[in-house]
Amino acid sequence: MRRISYSAHVVNGLLTPFTAVRRDPQRALEAWRRKASAVVERSGIVPDAEDSAFADDLGFMLQCFARVPGLTPIGWIGQLSNAASRLENRLRIKRIIAENPAVAAEPIDDPIFVVGLPRTATSLTHKILARSEPHRGPLLWELIRTDLEQDPRTTAKRIGAIEKELNATFKFSPLYDVIHPVRADQPEESIAIMPRTYFPLSCALMPDYREWLDQVDVTADYEYLKQALQVLQHGRDRRRWILKFPGHVAHLDTIHKVFPGAQIVWTHRDPVTVMGSFCSLVETLGRVHARGMDQHEIGRMWLGILSDSIEQGRSKRLALPRESVVDVSYHQLVADPHHYVPALYERLGAKWTNSDAANLEGVLNGPNRDRQHEYALDRYGLSPAQVEEAFGDYSLLVANLRS
């Protein structure tokens, strides 16, 4: 299956004359400032210093994209639109809380964060937990258009608009829908709302963005995530929130500062297998954003990012209550889900019911699209020995959990 479709090449060709700003970081920043001003004006909100800093961070990200050699028109337009959507959502949340002070008092009790390396069944675990009746995972459209409960017609319209955008992505990159299926009305990762994560690096190789990201304090990001959950919870039945993003693993300390009762579900899998699969995902998404991506550079950058995140997670969990982190072996979970999923519920203090058993069957019997996904570690200039060296004794920990 093709990583990028013929239609993407055609659309890029048609858009090239109208997207010259994508090649100039200063012009890209000016384009963003115009876009951001229009968003603020439509919102009717007077931005404060934190809102301005939020917009400035998005502007820096767009400048980093503009420095990427071969940035495509589709990639630029998509990132500019995404930045505008994020700013619009922040101002919407700000307005809702200002108009409804009780929203800020909503308790977000004992949320569960699913973390770990990508491609370690974090999505499967998230999907299973979020389907349980006492639980709730934020849906993609809710993270993009965070709001109080609306009438069914408005909700359907919003879901339809986001599905339309997703379908365009899948049309340009059919393989992406195989590797990482995403739907507007399904629970999705926190990256859909959190502004400063390593997700942009999966779209393009931006060493300047990575260096900047390594220095930022993400506390405000988790406080913003909490505000979004408070908005989504207000006026609705309170349930236990199930959240997921592999990169949360590097911020376990911040999670427990903002969400004191949080529990962590940490999925583990052999990093050699993970690296090949995830680099293939990055290449697929990256082909939409930039021409001529260096596959070996994908391997080098992401080996560093992912091994660093695991090292940080292993270090920071030492300061957390032991019972707050639940380790899950990918291999055991996939081999015998009917045993290990109920066991996971028990460790989380959640009741396993007949309804949960039926939900599990529904998840397991769904289409296994990943079987169509082929990848090879050496395509990205990596060997098993290099990966094992970068992750140190983490591979031994994975093996011990498996046995």
Side-chain angles (χ1 to χ4, degrees), residues 39-40 43-55 57 85-115 126 129-152 154-155 158 187-197 216-245 248 251-265 320-321 323-324 348-351:
V39 169
V40 171
S43 74
I45 297 291
V46 178
D48 59 20
E50 292 182 355
D51 300 326
S52 297
F54 185 94
D57 287 348
S85 175
R86 287 175 179 271
L87 180 58
E88 180 183 7
N89 201 45
R90 178 183 176 88
L91 296 176
R92 182 185 304 109
I93 291 172
K94 183 184 183 75
R95 175 182 55 76
I96 290 170
I97 293 176
E99 294 174 352
N100 305 270
V103 170
E106 285 285 343
I108 306 300
D109 294 328
D110 306 327
I112 295 172
F113 285 77
V114 181
V115 311
H126 183 226
L129 289 172
R131 285 194 179 192
S132 187
E133 183 62 31
H135 300 163
R136 183 181 175 193
L139 309 180
L140 176 60
W141 77 269
E142 294 178 318
L143 294 170
I144 295 174
R145 294 293 304 268
T146 309
D147 207 341
L148 300 175
E149 189 165 16
Q150 301 294 313
D151 62 88
T154 299
T155 297
R158 292 176 176 179
E188 192 46 58
E189 297 187 9
S190 307
I191 55 172
I193 192 167
M194 295 181 69
R196 297 181 296 186
T197 71
V216 298
D217 180 353
V218 296
T219 302
D221 298 58
Y222 284 94
E223 291 171 343
Y224 176 50
L225 173 62
K226 182 177 180 179
Q227 287 182 327
L229 298 178
Q230 289 173 320
V231 169
L232 293 174
Q233 181 171 282
H234 187 68
R236 301 175 172 105
D237 292 340
R238 289 181 183 173
R239 300 182 182 183
R240 191 178 189 184
W241 286 100
I242 312 297
L243 305 159
K244 175 235 172 178
F245 169 47
H248 284 319
H251 306 296
L252 300 184
D253 53 343
T254 306
I255 288 172
H256 270 265
K257 180 167 66 174
V258 179
F259 301 93
Q263 280 191 287
I264 308 298
V265 174
L320 304 182
E323 65 276 8
S324 69
L348 293 171
K351 184 179 180 181

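Just so we're clear, the structure is a prediction, and the values are computed from it rather than from any experiment.
Side-chain atoms of Glu188 never come within 3.5 Å of backbone atoms of Trp141 as a donor-acceptor pair (strictly under, hydrogens ignored). The closest donor-acceptor contact from the side chain of His126 to the backbone of Ile242 lies under 3.5 Å.
Between Asp217 atom CG and Thr254 atom OG1 the span is 6.5 Å, to the nearest 0.5 Å. Put simply, OG1 on Thr155 and CD on Glu149 are 7.5 Å apart, with the number rounded to the nearest 0.5 Å. Within the model, atoms CD1 of Ile193 and CG of Leu140 stand 11.0 Å from one another, a figure rounded to the nearest 0.5 Å. With rounding to the nearest 0.5 Å, the separation of CG in Leu232 from CZ in Arg136 is 5.5 Å. Interatomic distance, CG of Leu229 versus CZ of Phe259, reported as 5.5 Å (0.5 Å rounding). Here OG of Ser43 is found 7.5 Å from CG of Leu87. Values are rounded to the nearest 0.5 Å.
Nearest approach of Leu139 to Pro187, heavy atoms of both residues: CD2-N, 3.6 Å. Summarising the geometry of Ala228 relative to Thr146, their closest heavy-atom pair is O-CG2, 3.8 Å, with the distance given to 0.1 Å. Nearest approach of His234 to Ala102, heavy atoms of both residues: CE1-CB, 3.9 Å.
Residues Leu243 and Val114 have side chains not in contact (no heavy-atom distance under 4.5 Å, counting atoms from C-beta outward). Between Pro107 and Gln233 there is a side-chain heavy-atom pair separated by less than 4.5 Å. Side-chain atoms of Phe113 and Leu252, non-hydrogen and from C-beta on, never get closer than 4.5 Å to each other.
Applying the salt bridge (Lys or Arg N to Asp or Glu O under 4.0 Å) rule to Asp48 yields the partners Lys94; only residues at least two apart in sequence or on another chain are considered. Every residue meeting the side-chain contact (heavy atoms from CB on, under 4.5 Å) condition with Gln230, not counting sequence neighbours, appears here in chain and number order: Val103, Glu106, Ile108, Lys226, Gln227. Here Arg158 pairs with Asp147 under the salt bridge (Lys or Arg N to Asp or Glu O under 4.0 Å) rule; sequence neighbours left out. In this view, Ser324 and His256, Leu320, Pro321 satisfy the side-chain contact (heavy atoms from CB on, under 4.5 Å) rule, not counting sequence neighbours. Here Asp57 pairs with Arg196, Trp212 under the side-chain contact (heavy atoms from CB on, under 4.5 Å) rule; sequence neighbours left out. Residues meeting the side-chain contact (heavy atoms from CB on, under 4.5 Å) test with Leu348, sequence neighbours left out: Ile112, Leu129, Arg240, Gln263, Val265, Val326, Leu344.
The local environment of CD in Glu50 is sparse, with at most 12 non-hydrogen atoms from other residues, nucleotides or ligands closer than 6.0 Å.
Remark: the Asn89 side chain and the Arg92 side chain contain an N/O donor-acceptor pair separated by less than 3.5 Å.
Below 30°, between 30° and 60°, or above 60°: for Tyr222 and His248 the angle between ring planes is between 30° and 60°, a tilted geometry.
Residue Asp51 forms a salt bridge (Lys or Arg N to Asp or Glu O under 4.0 Å) with just one option from Arg90, Arg95, Arg86, and that option is Arg90.
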* **Derivation and outcome, side-chain contact (heavy atoms from CB on, under 4.5 Å), residues Arg239 and His135** => CA-CA 5 Å; Arg239 300 182 182 183; His135 300 163; 5.7 Å; no
